[in-house]
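Just so you know, these numbers use all the heavy atoms, side chains as well, and skip hydrogens, waters and symmetry mates.
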Amino acid sequence: MGKIRDSGMPEASTWDGFFAPERILDALNCRDLEHDIVDFGCGYGTFTLAAARRTAGTVHALDIEADMIDRVRDRAGVEGLANIRTECRDFIRNGTGLADASCDYAMLFNILHAEAPLELLREAARLLRPGGRIGIVHWVHDRPTPRGPDPAIRPRPDQCCAWLEACGLSTEVPGLPLPPHHFGVVGRRAPITR
């Protein structure tokens, strides 16, 4: 499998300009976490760095591109963030290598146009602790955007919700507009009830 189809990255400053990471993570219920977070396809670390400030645990930043991993590591050093663990890894082919139920949050941002999105979501769901969440961000499919994969392969919010359900998760946020070019969805593993 390898690299996700149609996933070219612009320059870092252009990419970072598309997002307000703190606002988006707040909107997707990624805040005040005690345990680990995993960032599937961390790219330049746009969300990795913001996530690291939101957890007492470790952020596992995974990407298939070694230069992206180097950039995240460098940015984390500059910002003094010691709770980021970077790994160059083909997580589509080989999984994450992380333990079952080890994470509070999984970030799948601009990645579910992969050939097998359900397999990727199943791996993310496997990592969730009870009450843990999966945050999904993707480019909108119904209008032109300055970047992103071909609109024909972009997931829709309703598809993402169906995929979450197929992985045994509930949908907490079914489709949140993240202007100007994205939407967000949040899935959740059931918490332990007593």
Side-chain angles (χ1 to χ4, degrees), residues 1 4-7 19 21 23-43 46-48 50-51 54-55 57 59-63 89 91-142 145 148-179 181-193:
M1 290 195 192
I4 292 177
R5 62 186 172 164
D6 209 358
S7 288
F19 305 101
R23 180 181 56 83
I24 289 172
L25 291 176
D26 279 344
L28 299 180
N29 298 327
C30 180
R31 53 185 173 264
D32 303 321
L33 302 175
E34 296 179 17
H35 300 284
D36 292 2
I37 297 172
V38 59
D39 188 357
F40 286 82
C42 62
T46 305
F47 290 95
T48 306
R54 293 168 174 263
T55 185
V59 178
H60 301 275
L62 310 176
D63 205 288
R89 185 174 185 94
F91 52 79
I92 291 179
R93 180 174 291 153
N94 304 316
T96 61
L98 300 172
D100 291 354
S102 60
C103 295
D104 273 347
Y105 204 95
M107 299 189 299
L108 292 109
F109 295 175
N110 295 309
I111 198 167
L112 288 183
H113 57 282
E115 288 86 350
L118 198 51
E119 289 177 30
L120 191 51
L121 279 164
R122 282 190 181 114
E123 174 65 2
R126 179 187 69 77
L127 303 175
L128 292 184
R129 298 166 52 85
R133 293 177 171 94
I134 290 179
I136 297 169
V137 171
H138 214 289
W139 298 92
V140 296
H141 71 283
D142 57 353
T145 58
D150 186 296
I153 63 171
R154 296 179 190 185
R156 298 180 318 274
D158 61 318
Q159 284 178 306
C160 294
C161 294
W163 292 337
L164 289 169
E165 185 176 322
C167 293
L169 305 175
S170 62
T171 299
E172 188 173 70
V173 177
L176 178 69
L178 298 172
H181 308 297
H182 293 83
F183 69 87
V185 171
V186 178
R188 189 170 191 203
R189 176 163 307 289
I192 295 175
T193 56

Inset, instruction - Apply the side-chain contact (heavy atoms from CB on, under 4.5 Å) test between Leu169 and each candidate in Val186, Leu128, Leu121; give the one that qualifies. - result: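 When Val186, Leu128, Leu121 are each tested with Leu169, the side-chain contact (heavy atoms from CB on, under 4.5 Å) holds only for Leu128.
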So [Y] and [X], do their side chains get closer than 4.5 Å, heavy atoms only?
X: His182; Y: Asn110; answer: yes
X: Trp163; Y: Leu112; answer: yes
X: Phe183; Y: Cys160; answer: yes

Can you name the closest pair of heavy atoms from [X] and [Y] and give their distance?
X: Asp104; Y: His35; value: OD2-N, 2.9 Å
X: Pro117; Y: Ala114; value: CD-O, 3.2 Å
X: Leu25; Y: Ala50; value: CD1-CB, 3.6 Å
X: Pro174; Y: Cys161; value: O-SG, 3.3 Å
X: Leu178; Y: Ile24; value: CD1-CG2, 4.1 Å
X: Asp63; Y: Gly43; value: OD2-N, 2.8 Å

Legend entry - His113 and His138 aromatic ring geometry - parallel, tilted or perpendicular at 30°/60° bounds: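 Perpendicular.
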Going from [atom1] on [X] to [atom2] on [Y], what distance comes out if it is rounded to the nearest 0.5 angstrom?
X: Leu164; Y: Leu118; atom1: CG; atom2: CG; result: 9.5 Å
X: His60; Y: Cys42; atom1: NE2; atom2: SG; result: 12.5 Å
X: Thr55; Y: Ile37; atom1: OG1; atom2: CD1; result: 4.5 Å
X: Thr48; Y: Leu62; atom1: OG1; atom2: CG; result: 9.0 Å
X: Ile134; Y: Glu172; atom1: CD1; atom2: CD; result: 11.5 Å

Legend entry - Carboxylate-amine/guanidinium contact Arg54 Asp26, below 4.0 Å: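 Salt bridge: yes.
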Inset, instruction - Inspect the contact between Arg126 and Glu123 and indicate whether a charged nitrogen and a carboxylate oxygen are less than 4.0 angstrom apart. - result: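 Looking at Arg126 together with Glu123, the answer is yes, because their closest N to O distance falls below 4.0 Å.
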Legend entry - side chain to side chain contact (heavy atoms under 4.5 Å, CB included) assessment of Leu28 paired with Phe47: CA-CA 12 Å; Leu28 299 180; Phe47 290 95; over 6 Å; no
Legend entry - Residue list, ring pair (Phe, Tyr, Trp, His ring centres under 6.0 Å) with Phe40, at least two apart or on another chain: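 Scan of Phe40 (ring pair (Phe, Tyr, Trp, His ring centres under 6.0 Å), adjacent residues dropped) gives Phe91.
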Indicate yes or no for a side-chain donor-acceptor contact from [X] to the backbone of [Y] under 3.5 Å, with no hydrogens or angles considered.
X: Arg156; Y: His141; value: no
X: Arg89; Y: Thr96; value: yes
X: Arg189; Y: Gly168; value: no
X: Arg133; Y: Arg188; value: no

